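All values derive from a computational prediction rather than experimental measurement. All residue numbers in this chain count up from 1 along the given sequence.
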Amino acid sequence: MKIALTGAAGRIGNVLVRKLLDAGHDLRVLVRRQDRSLAGLPLERVPGDLLDPAAVARLTEDCEVLYHLAAVVSIQGGLNGAVHRTNVDGTRLVLETARQQGVRRMVYFSTFHVFSGIPADQPLDETRPLDSQTRMAYTRSKAEALETALAFSRNNDLEVIALCPTGVLGPSDYAPSPAGQMLLDFYRGKIPVLVPGGVDWVDVRDVADAAVAALHRGRSGEAYILSGRYASVAELARIIGRVTGRPMPRFTAPEWLLRAGLPFAAGYARLTGTRPLYTRESIDTLRDGAKIVSCDKARRELGYSTRPLEDTIADAYAWFEQNGYLKGVDEVDGVDKG
């Protein structure tokens, strides 16, 4: 099958690409730059940007299915409009171009954060309303894009189904992603204290398996939450400690102290040219993280299944070690043990 992908080099995309290639599909991907996550893979590459109509047209020509994963993920606000332009305007362009090119089905990647977390004491599932009033620019943009994509499928011949994973962990994290960087920071002892709250975590390979199933399964106009297991930050640290054998912080800082330190975290990030250790959005996300996130719909209709969180974390660190991300961390008397 001829399949097009945006965001193929990203956190989920590069894992999905490999699964689709292993299944024998012919892939064409939209790329803005050379990326080592796709190096050496037999792909047809279309250079261009998600907001470039000509590039998107070349990408989707003669393709039966389109996976749309490209997005700007931000825990630092709207980035001067870049979040909305890419996530909303880019999705509209992709939808219209796919329709014009005769694409049969589009699998759109969203996030479970688009669904309202209220009431907090009930399982979160796809029946919840979209949280379009959230303060987080990224989540607002994904909620608007999801609503647009599902409505588009009801008024056009293009089939659209949406996959909404929770927090993604696991191997093949080339960038690394913010979650992957968190694992590395825990390993390197760069996280001095824990923070309140937690997130439902899912293995990137389980998400990619669901996406492959969505080639033929799933109902057009429907969204599917892909969840795994909730773990507080403290529990996650304990699992990491067991997997890696490294000491983990035990003190959980109160939320008021973290918020007081926001200017210092932002200032340090600007001075060092790095991601902030935490932001207002990340504090809110962890505090409000739903403890029960249902994936029953995906299990029934996509054949979705998940693996233990401990296995996911162990495999993530094994991949980091095999690919040199842990090199130089353990040094005794100048001898590299990593």
Side-chain angles (χ1 to χ4, degrees), residues 12 73 75 87 108-151 153-154 160-169 179 194-204 206-207 209-211 213-214 217-239 252 254-256 258-259 280-310 312:
I12 300 171
V73 181
I75 57 169
N87 298 352
Y108 168 63
F109 270 80
S110 186
T111 168
F112 85 115
H113 289 298
V114 299
F115 296 103
S116 173
I118 300 173
D121 60 344
Q122 298 295 321
L124 187 151
D125 63 16
E126 299 87 350
T127 64
R128 294 284 185 93
L130 296 181
D131 189 6
S132 58
Q133 302 304 314
T134 175
R135 292 192 301 172
M136 191 169 181
Y138 167 71
T139 303
R140 284 199 312 274
S141 72
K142 296 298 283 186
E144 183 176 349
L146 176 60
E147 186 174 36
T148 298
L150 297 183
S153 70
R154 292 191 288 269
V160 179
I161 73 168
L163 303 181
C164 304
T166 56
V168 176
L169 289 174
L194 303 173
V195 298
V199 173
D200 185 289
W201 299 102
V202 64
D203 192 295
V204 65
D206 298 334
V207 172
D209 285 339
R217 302 181 67 171
R219 289 174 290 140
S220 180
E222 295 290 329
Y224 296 86
I225 291 176
L226 307 178
S227 58
R229 172 189 157 191
Y230 176 87
S232 67
V233 176
E235 183 183 4
L236 193 69
R238 288 193 294 270
I239 296 172
T252 298
E255 184 177 328
W256 67 264
L258 293 170
R259 293 191 183 277
R280 174 182 59 79
E281 289 95 332
S282 65
I283 293 173
D284 291 346
T285 297
L286 291 169
R287 179 197 63 199
D288 300 333
K291 292 181 172 60
I292 306 174
V293 185
S294 173
C295 60
D296 289 348
K297 183 178 176 182
R299 290 186 185 279
R300 290 193 309 270
E301 300 187 20
L302 299 177
Y304 176 63
S305 63
T306 60
R307 68 196 73 200
L309 179 58
E310 290 81 0
T312 296

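Listed by chain and number, the residues in a side chain to side chain donor-acceptor pair (under 3.5 Å) with Asp209 are Lys19 (sequence neighbours excluded). Listed by chain and number, the residues in a salt bridge (Lys or Arg N to Asp or Glu O under 4.0 Å) with Glu144 are Arg92 (sequence neighbours excluded). Evaluation of the ring-ring contact (aromatic ring centres under 6.0 Å, His included) rule for Tyr108 yields His68 as partners, not counting sequence neighbours. For Asp125, the side-chain contact (heavy atoms from CB on, under 4.5 Å) partners at least two apart in sequence or on another chain are Thr127, Arg128, Ser294. Residues passing the side chain to side chain donor-acceptor pair (under 3.5 Å) test with Thr166 are Asp200, sequence neighbours excluded. Legend: residues meeting side chain to side chain donor-acceptor pair (under 3.5 Å) with Thr312, ordered by chain and number and at least two apart, are Asp203. Residues forming a side-chain contact (heavy atoms from CB on, under 4.5 Å) with Thr139 (at least two apart in sequence, or on another chain): His113, Thr134, Met136. Residues satisfying the salt bridge (Lys or Arg N to Asp or Glu O under 4.0 Å) test with Asp206, not counting sequence neighbours, are Arg307.
Annotation: salt bridge (Lys or Arg N to Asp or Glu O under 4.0 Å) contacts involving residues 289-300, sequence neighbours excluded, comprise Glu222-Lys297. Within the structure, every pair that satisfies the salt bridge (Lys or Arg N to Asp or Glu O under 4.0 Å) test and touches residues 227-238, not counting sequence neighbours, is listed here: Arg229-Glu235, Arg229-Glu310.
Contact detail for Phe115 and Ala223: the closest heavy-atom pair is CZ-CB, 4.2 Å. Scanning all heavy atoms of the two residues, the minimum distance from Ser220 to Ser153 falls at OG-CB, 3.7 Å. Contact between Leu124 and Gly117 at its shortest, heavy atoms only, is CD1-CA, 4.2 Å. Of all the heavy atoms in Leu236 and Ala231, the pair that sits closest is N-CB, 4.5 Å. Contact record, Leu226 with Ala298: CD2-CB, 3.7 Å, taken as the closest heavy-atom pair. The shortest heavy-atom contact between Val202 and Pro165 is CG1-CB, 4.4 Å.
Ile239 places none of its side-chain heavy atoms less than 4.5 Å from the side chain of Trp201. Side chains of Ile12 and Val168 form a contact here, defined as non-hydrogen atoms less than 4.5 Å apart. Side-chain atoms of Val293 and Tyr230, non-hydrogen and from C-beta on, never get closer than 4.5 Å to each other. Residues Leu150 and Ile161 fail the side-chain proximity criterion, which asks for heavy atoms closer than 4.5 Å.
Using a 4.0 Å cut-off between charged side-chain N and carboxylate O, Glu301 and Arg217 make no salt bridge.
Side-chain N/O atoms of Tyr224 and Glu126 include no donor and acceptor closer than 3.5 Å.
Interatomic distance, Ile225 CD1 to Thr111 OG1, rounded to the nearest 0.5 Å: 9.0 Å.
In this structure a side-chain-to-backbone donor-acceptor pair under 3.5 Å is missing from Ser116 to Leu130.
Remark: of the listed residues Ser227, Ser110, Cys295, Ser110 is the sole one forming a side chain to side chain contact (heavy atoms under 4.5 Å, CB included) with Cys164.
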